[in-house]
Amino acid sequence: MSVVEVVEHGHTEEHVHHELPFWRKYIFTEDHKTIAKQFLITGIFWAILGITLSILFRIQLGFPNADLSWLKPVLGGWITETGKIEPEFFLALVTMHGTIMVFFVLTAGLSGTFSNFLIPLQIGARDMASGFMNMLSYWFFFAAGLLMFVSLFLHTGPAAGGWVIYPPLSALQQAQPGSALGMTLWLVSMALFIVSQLLGGVNYITTVINLRTRGMTFSRLPLSIWSFLITAVLGLISFPVLLSAALLLIFDRSFGTSFYLSEIYIGGEALSNVGGSPILFQHLFWFLGHPEVYIVILPALGITSEVIATNARKPIFGYRAMIVSMLGIAFLSFIVWAHHMFVTGMNPFLGSVFMFLTLIIAVPSAVKAFNYISTLWRGNLHFTPGMLFAIGMVSLFVSGGLTGIILGNSALDIQLHDTYFVVAHFHLVMGASAAFGLFSGVYHWFPKMYGRMMNQTVGQLHFWCTFIGLYLIFIPMHYVGIAGFPRRYYQFTSYDFTSIFSDMNTFITVAAIFTFASQFLFLFNFFYSIFKGKKAPMNPWRSTTLEWTTDNPGHGNWEGEIPAVYRWPYDYSKPGAKEDFIPQTVPHSQTPESNFPSDNELIAEERQIESQNYNDQFKTGH
């Protein structure tokens with residue numbers, strides 16, 4: 001790296017930064033930007049695998065009489081003599097698809113990428129509070145993924161109990177092939193994954209609280225940083241509960257305890273387990289499981305806020321209301337978990353309490369949706385791929401959220417709970433919405449990540465194919481769910497009432513294959529642009545936030561001093577301003593033509609910011 005001049009105690013010194021070896025710079029790196037790219041590339045791998053698994057079981061559902069012997073070279077013994085997928089393996093496919101997409105793609109891939117990449121750059125820090133812990137968080141995630149991947153090649157198959165792994169199916173190794181070693185590896189993998197998330201969460205929170213640059217008050221933080229901070233707090237509180245649930249399940253599986261087991265018969269033989277309750281596991285799992293929905297969706301909402309404000313050339317509508325709504329969502333997410341358990345036979349009064357709280361959570365969610373629409377209203381919209389995916393995210397979030405109001409009603413949920421209606425709901429509101437937030441963030445910050453531009457035309461084509469494809473998949477799925485199609489069933493040819501919907505199932509499968517094929521547009525665009533894309537200017541979207549003030553940075557982010565912050569992050573199209581954006585680093589004293597009276601009151605505070613003593617964090621690079 002270059003020689004950085006450092007002013008310290010009135011003296012000028014030169015610190016020469018030695019070039020790190022390849023394995024320290026790109027593999028066991030402590031640079032938050034490189035770690036973010038590691039999370040992103042790993043997440044892309046898991047997304048390809050996870051969606052491929054879903055296509056396999058959709059083929060089985062859409063074409064139940066088709067001969068799938070052509071898959072035998074890949075799936076081996078999991079294809080029967082008649083060319084069908086083994087029923088036990090079908091459940092394993094569903095289990096691994098859900099696990100991979102929820103945890104490895106939408107949790108680690110989304111939050112791990114953008115929390116790592118944006119937090120130091122947007123708050124004005126050299127790096128995360130602990131680069132070593134940050135490195136460990138990725139490698140624990142990598143180890144977790146490695147174990148999960150290995151489980152796919154076991155003779156008995158990977159875990160097969162649904163992604164929620166309810167006991168007793170997951171607690172008894174002899175219950176079915178997918179309850180054997182594959183389930184053990186699933187549990188160990190998830191334990192490593194949770195360690196990764198906790199290490200990352202502590203780092204994110206510490207960095208935001210302690211390492212903000214001069215003038216970066218909490219009221220000047222971009223909404224993306226607020227979303228990453230709240231997400232980290234959610235994970236720090238809820239993931240240890242899942243870890244305890246997994247550990248107790250390991251005890252039941254391997255050490256003869258009875259936390260979740262009682263009065264079980266297998267093949268006519270009574271087991272000795274007495275006193276446990278499988279409902280206890282559900283309480284522990286969903287105490288993470290519902291905050292997990294917002295651990296996935298909040299980063300996507302934060303990214304959407306940034307992209308919409310930038311490309312609408314307008315200040316985000318209701319900045320403080322957006323923060324309060326995220327805090328409200330975070331609080332309510334911890335007290336609605338049992339709406340996943342209406343069918344367990346819980347006390348009806350308790351069910352009505354959880355129903356009431358569930359319906360209330362629609363209020364802060366609606367605040368965010370209305371504020372996005374208000375930001376777009378009469379804006380000077382620039383339809384970049386990032387902007388299209390951000391608007392698509394709002395559309396999917398609203399569509400999925402409306403069906404959530406239906407499922408929040410216990411009387412309706414009891415009828416719809418184990419049908420495809422629920423599958424369609426959470427894929428829209430959680431899976432597709434979060435994925436659109438991920439795509440929006442990649443298209444928007446790719447120039448800062450790699451110094452090159454992605455192809456805009458291919459990105460727009462990718463959006464329209466994906467957006468249309470997702471609605472073609474999940475709107476019909478709501479319909480067949482209302483008609484009574486149960487989820488996780490291997491096939492429906494044994495039931496007369498389902499035969500009239502066989503064409504609908506085929507249509508959903510074709511739409512899923514089309515949507516999956518569309519993702520290769522993104523893969524080509526992403527990897528081609530890393531090496532061959534057009535060189536990116538320093539601030540291609542004319543944004544106001546701090547990350548665009550540094551030109552494709554090395555480790556340390558800024559050469560010399562970190563810039564100070566004087567204003568909030570959404571000064572777009574300000575009346576009287578010379579341009580349609582004013583960066584956070586421009587003092588109000590330099591923009592008298594566009595200042596409001598409240599802005600002029602801040603000029604005295606700006607002088608205090610400029611007179612603050614620099615410490616090493618702000619002055620020196622790594």
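Quick note: numbers below take in every heavy atom, side chains included, and nothing from hydrogens, waters or symmetry partners.
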What's the separation between atom CG in Leu223 and atom OG1 in Thr304, rounded to the nearest 0.5 Å? 11.0 Å
Minimum heavy-atom distance between Leu110 and Ala434, given as atom pair plus value: CD2-O, 4.0 Å
Please examine the side chains of His97 and Thr52, heavy atoms only from C-beta on, and report whether any two atoms are closer than 4.5 Å. no
Using 30° and 60° as the class boundaries, would you call the ring planes of Tyr420 and Phe485 parallel, tilted or perpendicular? perpendicular
Fit a plane to each ring of Phe287 and Phe334, take the angle between them on a 0 to 90° scale, and name the class: parallel (under 30°), tilted (30 to 60°) or perpendicular (over 60°). tilted
Can you measure from OG (Ser325) to CD1 (Ile361) and round to the nearest 0.5 angstrom? 11.0 Å
Check whether any side-chain heavy atom of Thr231 sits under 4.5 Å from a side-chain heavy atom of Pro299, and report yes or no. yes
Taking all non-hydrogen atoms of both residues, which atom of Ser365 and which atom of Ile329 are closest, and how far apart? OG-CD1, 3.9 Å
Taking every non-hydrogen atom, the tightest pair across Ala432 and Leu470: CB-CD1, 3.7 Å
Check whether Ser137 reaches the backbone of Ser196 with its side chain - one donor and one acceptor, N or O, closer than 3.5 Å. no
Close side-chain approach of Leu284 to Leu242, heavy-atom, < 4.5 Å: no
How are the rings of Trp464 and Phe467 set to each other: parallel, tilted or perpendicular (split at 30° and 60°)? perpendicular
For residues Leu61 and Thr506, determine if any side-chain heavy atom of one lies less than 4.5 Å from a side-chain heavy atom of the other. no
Residue pair Asn116 / Tyr204, side-chain donor-acceptor N/O under 3.5 Å: yes
In terms of heavy-atom contacts, Met148 and Ser189 come closest through CE-OG, 3.3 Å
Derivation of the ring pair (Phe, Tyr, Trp, His ring centres under 6.0 Å) call for Phe153 and Phe149: CA-CA 8 Å; Phe153 300 94; Phe149 187 71; 5.2 Å; yes
Will you find, in the side chains of Gln519 and Thr466, an N or O donor that is under 3.5 Å from an N or O acceptor? yes
Side chains of Phe436 and Leu396: closer than 4.5 Å at any heavy-atom pair? yes
Indicate yes or no for a side-chain donor-acceptor contact from Thr344 to the backbone of Met341 under 3.5 Å, with no hydrogens or angles considered. yes
For the atom pair CD1 (Ile303) and CG (Leu118), what is the distance rounded to the nearest 0.5 Å? 7.0 Å
Is the ring pair Phe141/Tyr138 parallel, tilted or perpendicular, if the boundaries are 30 and 60 degrees? perpendicular
Compare all side-chain heavy atoms of Ser227 with those of Leu301 and state whether any distance is below 4.5 angstrom. no
Which is it for Glu292 and Ser238 under the side-chain contact (heavy atoms from CB on, under 4.5 Å) test, yes or no, and what are the steps along the way? CA-CA 8 Å; Glu292 171 66 16; Ser238 59; over 6 Å; no
Going through the checks in order, is the side-chain contact (heavy atoms from CB on, under 4.5 Å) test met by Val394 and Ile308? CA-CA 10 Å; Val394 177; Ile308 285 181; 4.0 Å; yes
Sub-3.5 Å donor-acceptor pair from the side chain of Ser151 to the main-chain atoms of Pro158, do we have one? no
Look only at the side chain of Asn525 and the backbone of Leu521, and say whether a donor-acceptor pair between them is shorter than 3.5 Å. no
Between the main-chain N or O of Ile391 and the side-chain N or O of Ser395, is there a donor-acceptor pair closer than 3.5 Å? no
Would the distance check show the side chain of Ser179 and the main-chain N or O of Ala175 forming a donor-acceptor pair, the cut-off being under 3.5 Å? no
Could you tell me which non-hydrogen atom of Met477 sits nearest to which non-hydrogen atom of Arg58, and how far apart they are? CE-NH1, 4.0 Å
Would you give the length of the straight line joining atom CG of Leu388 to atom CZ of Phe439, rounded to the nearest 0.5 angstrom? 13.5 Å
If you define the side chain from C-beta out and look only at heavy atoms, does anything of Phe389 sit under 4.5 Å from Val442? no
Can you confirm whether the side chains of His290 and Ser333 place a donor and an acceptor under 3.5 Å from each other? no
Test ring pair (Phe, Tyr, Trp, His ring centres under 6.0 Å) on Phe90 and Trp78 and set out the steps. CA-CA 9 Å; Phe90 179 87; Trp78 298 117; over 10 Å; no
Here the gap from Ile194 atom CD1 to Leu288 atom CG, rounded to the nearest 0.5 Å, amounts to 7.0 Å
Derivation and outcome, side-chain contact (heavy atoms from CB on, under 4.5 Å), residues Phe531 and Tyr450: CA-CA 9 Å; Phe531 302 103; Tyr450 294 101; over 6 Å; no
Using modelled atom types and a 3.5 Å cut-off, is there a donor and acceptor pairing between side-chain atoms of Thr419 and backbone atoms of Leu416? yes
Sequence neighbours excluded, the answer for salt bridge (Lys or Arg N to Asp or Glu O under 4.0 Å) partners of Arg488 is none
Is it true that the side chains of Ser111 and Ser115 contain a donor and an acceptor less than 3.5 Å apart? yes
Give a yes-or-no answer on whether the side chains of Thr384 and Trp541 include a donor-acceptor pair shorter than 3.5 Å. no
Ring pair (Phe, Tyr, Trp, His ring centres under 6.0 Å) partner of Phe520, chosen from Phe524, Phe516, Phe522: Phe516
Residue pair Ser399 / Tyr471, side-chain donor-acceptor N/O under 3.5 Å: yes
For atom CZ of Phe426, is the number of surrounding heavy atoms from other residues, nucleotides or ligands below 6.0 Å larger than 12? yes
Taking the side chain as every heavy atom from C-beta outward, state whether Phe507 and Asp503 have any atom pair closer than 4.5 Å. no
List the steps, then state whether side-chain contact (heavy atoms from CB on, under 4.5 Å) holds for His478 with Leu428. CA-CA 11 Å; His478 282 97; Leu428 278 182; 3.6 Å; yes
Neighbour count >12 (heavy atoms, 6.0 Å) for atom CZ, Phe356: no
Reported CD1-to-CH2 distance for the pair Ile100 and Trp46, which is rounded to 0.5 angstrom: 5.0 Å
Given 3.5 Å as the limit, does a donor-acceptor pair link the side chain of Ser440 with the main chain of Gly437, or not? no
Sequence neighbours excluded and cut-off under 3.5 Å, please list the side-chain donor-acceptor pairs for residues 407-414, or say none.
from   : atom 1 : to     : atom 2 : distance (Å)
Asn409 : OD1    : Ala411 : N      : 3.1
Asp413 : OD2    : His417 : ND1    : 3.3

If you look at every heavy atom in Asn371 and Thr375, which pair is closest and at what distance? O-OG1, 2.7 Å
Ring centroids only, cut at 6.0 angstrom: are Phe446 and Phe526 within range, meaning strictly under it? yes
Take atom CZ in Phe63; do more than 12 heavy atoms of anything else shown fall under 6.0 Å from it? yes
Would you say Gln197 and Thr107 are linked by a side-chain donor-acceptor pair, where the criterion is simply a distance under 3.5 Å? no
Keeping the roles fixed (side chain from Lys72, backbone from Ile79), state whether a donor-acceptor pair exists under 3.5 Å. yes
For residues Phe317 and Trp377, establish whether the separation of their ring centroids is below 6.0 Å. no
Hey, does the side chain of Lys37 reach the backbone of Met449 with a donor-acceptor pair shorter than 3.5 angstrom? yes
Can you label the angle between the His462 ring and the Tyr443 ring as parallel, tilted or perpendicular, going by 30° and 60°? tilted
